[in-house]
Protein chains: 2
Amino acid sequence: MKNTTPKTSRMTRQRGVVVGVFESNPRPLAPEEVLNLAKLGQPKVSLSTVYRTIKRLLDDGWLKTVELPGLSPRYEIAGKHHSHHHHFVCIMCDRTYDIEGCGVNLRPLVPRGFKLTDHHLTLFGQCGSCR
Amino acid sequence: MKNTTPKTSRMTRQRGVVVGVFESNPRPLAPEEVLNLAKLGQPKVSLSTVYRTIKRLLDDGWLKTVELPGLSPRYEIAGKHHSHHHHFVCIMCDRTYDIEGCGVNLRPLVPRGFKLTDHHLTLFGQCGSCR
DNA sequence: ATTCGTGCAAAGACTTTGCATAAAT
DNA sequence: ATTTATGCAAAGTCTTTGCACGAAT
């Protein structure tokens with residue numbers, strides 16, 4: 001991602017680079033992915049800054065965490081993504097994609113006396129680029 | 001869990017204790033849970049042994065890993081559990097339960113050109129003991 | 001001048017591993 | 001005696017944090 005923001009704006013600093021990475025990438029991203037993409041525009045960005053910026057953007061509600069079974073968390077722009085959706089993880093390239101819709105009937109699965117408040121569904125397979 | 005095996009058997013050693021913990025607990029267990037349960041029978045068991053034993057039992061195919069979004073992995077007896085099932089995580093006590101059945105139609109969710117090979121479903125809520 | 005952001009290195013949490021010792025065969 | 005398992009402490013990985021410096025206001 002290229003940093004095209006004016007030198008005088010707050011966006012010229014590293015944080016702006018991290019924001020830009022998310023803005024120009026549609027998929028949920030892992031910190032390392034963010035770092036590598038950020039370095040394209042600003043080679044000296046550090047992993048600390050990536051982590052710190054992600055944390056702050058989460059606090060701001062601008063990012064949300066994508067938890068995946070067996071994988072470290074990814075992050076995606078909160079507003080860009082509708083209330084409830086799931087994810088597809090490519091077992092070849094390890095990239096994560098958003099899945100539209102949900103369409104699962106979970107009520108029958110909930111044990112007697114348990115109360116369901118949320119659920120996570122993760123699909124695994126090969127993405128379009130890896131088949 | 002009590003160690004009731006004869007002193008001369010291989011089962012008197014720590015590994016046997018770990019095996020016993022899984023045998024007498026129906027839920028998927030985290031390493032720390034295994035350690036605490038194992039200590040009831042054998043107070044000097046170390047966390048290393050728990051991790052090493054889990055790894056070995058996984059290699060043997062006796063245990064299988066239960067990956068959960070946002071949580072460290074749990075382990076459960078492989079044979080005890082039917083081919084395909086999912087899990088319920090209690091948001092109060094953090095315990096994990098097996099869920100029978102699956103009943104989700106995922107085909108409509110898979111993006112064009114992607115190939116689905118597996119899926120994970122995790123339910124979150126309050127378990128019977130925590131409501 | 002003061003506030004805020006950043007890189008670096010150190011510290012944390014969780015898991016794995018090397019090594020000397022103890023147990024089993 | 002030889003092989004295998006264990007505890008402890010050290011090392012690894014991923015993430016967070018303290019600190020001094022640089023940038024913004």
Side-chain angles (χ1 to χ4, degrees), chain A residues 1 3 5-22 28-60 62-75 89 94 96, chain B residues 1 3 5-22 28-60 62-75 89 94 96:
Chain A
M1 166 263 170
N3 181 358
T5 4
K7 294 281 188 294
T8 50
S9 148
R10 163 162 295 167
M11 284 296 137
T12 55
R13 300 181 71 173
Q14 308 304 40
R15 185 189 171 186
V17 177
V18 174
V19 168
V21 165
F22 279 105
L29 300 174
E32 282 291 333
E33 290 181 288
V34 175
L35 179 65
N36 293 331
L37 291 164
K39 274 182 171 165
L40 298 178
Q42 201 95 23
K44 62 189 169 89
V45 190
S46 72
L47 192 51
S48 315
T49 292
V50 171
Y51 275 110
R52 264 189 290 235
T53 305
I54 287 173
K55 172 168 281 187
R56 172 199 275 254
L57 294 171
L58 285 170
D59 290 345
D60 294 350
W62 192 81
L63 277 184
K64 59 184 286 196
T65 305
V66 177
E67 311 274 23
L68 301 166
L71 299 166
S72 53
R74 272 78 170 137
Y75 304 91
V89 177
D94 210 55
T96 303
Chain B
M1 165 265 170
N3 181 1
T5 5
K7 293 281 185 298
T8 50
S9 150
R10 162 162 297 166
M11 283 298 137
T12 55
R13 299 184 70 174
Q14 308 303 40
R15 183 188 172 188
V17 177
V18 173
V19 168
V21 166
F22 279 105
L29 300 174
E32 282 291 333
E33 290 180 288
V34 175
L35 180 65
N36 293 332
L37 291 164
K39 275 183 172 166
L40 298 179
Q42 201 95 26
K44 60 191 171 84
V45 191
S46 73
L47 192 51
S48 314
T49 292
V50 170
Y51 276 110
R52 265 190 291 234
T53 304
I54 287 173
K55 173 167 279 186
R56 173 199 275 252
L57 294 171
L58 286 169
D59 290 345
D60 294 350
W62 193 81
L63 278 184
K64 59 184 287 195
T65 305
V66 176
E67 310 274 23
L68 302 166
L71 298 166
S72 53
R74 272 79 171 137
Y75 304 91
V89 177
D94 210 54
T96 303

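Values below: all heavy atoms of this structure, side chains included; hydrogens, waters and symmetry mates excluded. Each chain gets a letter, A, B and so on, in the order its sequence line appears, and its residues count up from 1.
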Separation of [X] atom [atom1] from [N] atom [atom2], in whole Å?
X: B:Leu57; N: D:dT4; atom1: CG; atom2: P; value: 17 Å
X: A:Leu29; N: D:dT15; atom1: CG; atom2: C1'; value: 17 Å
X: A:Arg56; N: C:dT6; atom1: CZ; atom2: C1'; value: 12 Å
X: A:Glu33; N: D:dT15; atom1: CD; atom2: P; value: 12 Å
X: A:Lys44; N: C:dG5; atom1: NZ; atom2: P; value: 15 Å
X: A:Ile54; N: D:dC14; atom1: CD1; atom2: P; value: 15 Å
X: A:Leu35; N: C:dC8; atom1: CG; atom2: P; value: 11 Å
X: A:Asp94; N: D:dC14; atom1: CG; atom2: P; value: 12 Å

Is there a side-chain contact between [X] and [Y] (heavy atoms, below 4.5 Å)?
X: B:Leu47; Y: B:Glu32; result: yes
X: A:Leu71; Y: A:Asp94; result: yes
X: A:Val17; Y: A:Lys39; result: no

Point to revise | Nearest-neighbour nucleotide for the A:Val45 side chain, C:dG7, D:dT6, C:dC4 considered | key: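 Minimum distance to the A:Val45 side chain belongs to C:dG7.
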
Check your understanding: Do you know the tightest heavy-atom contact between A:Thr49 and A:Thr53?
Key ->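 Shortest heavy-atom separation between A:Thr49 and A:Thr53 comes out as O-OG1, 2.6 Å.
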
Point to revise | Reading 5' to 3' through nucleotides 14-19 of chain C, protein heavy-atom contacts under 4.0 Å coded B for base, S for sugar-phosphate only, - for none | key: -SBBB-

**Study point:** Listed partners of B:Thr65 passing side chain to side chain contact (heavy atoms under 4.5 Å, CB included), at least two apart
**Key:**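 Partners of B:Thr65 under the side chain to side chain contact (heavy atoms under 4.5 Å, CB included) test: B:Leu58, B:Glu67, B:Pro73, B:Tyr75.
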
Review point. Under the side chain to side chain contact (heavy atoms under 4.5 Å, CB included) test, which residues partner B:Thr96, sequence neighbours left out?
Key: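 Here the qualifying residues are B:Pro28, B:Leu68, B:Arg74, B:His87, B:Val89.
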
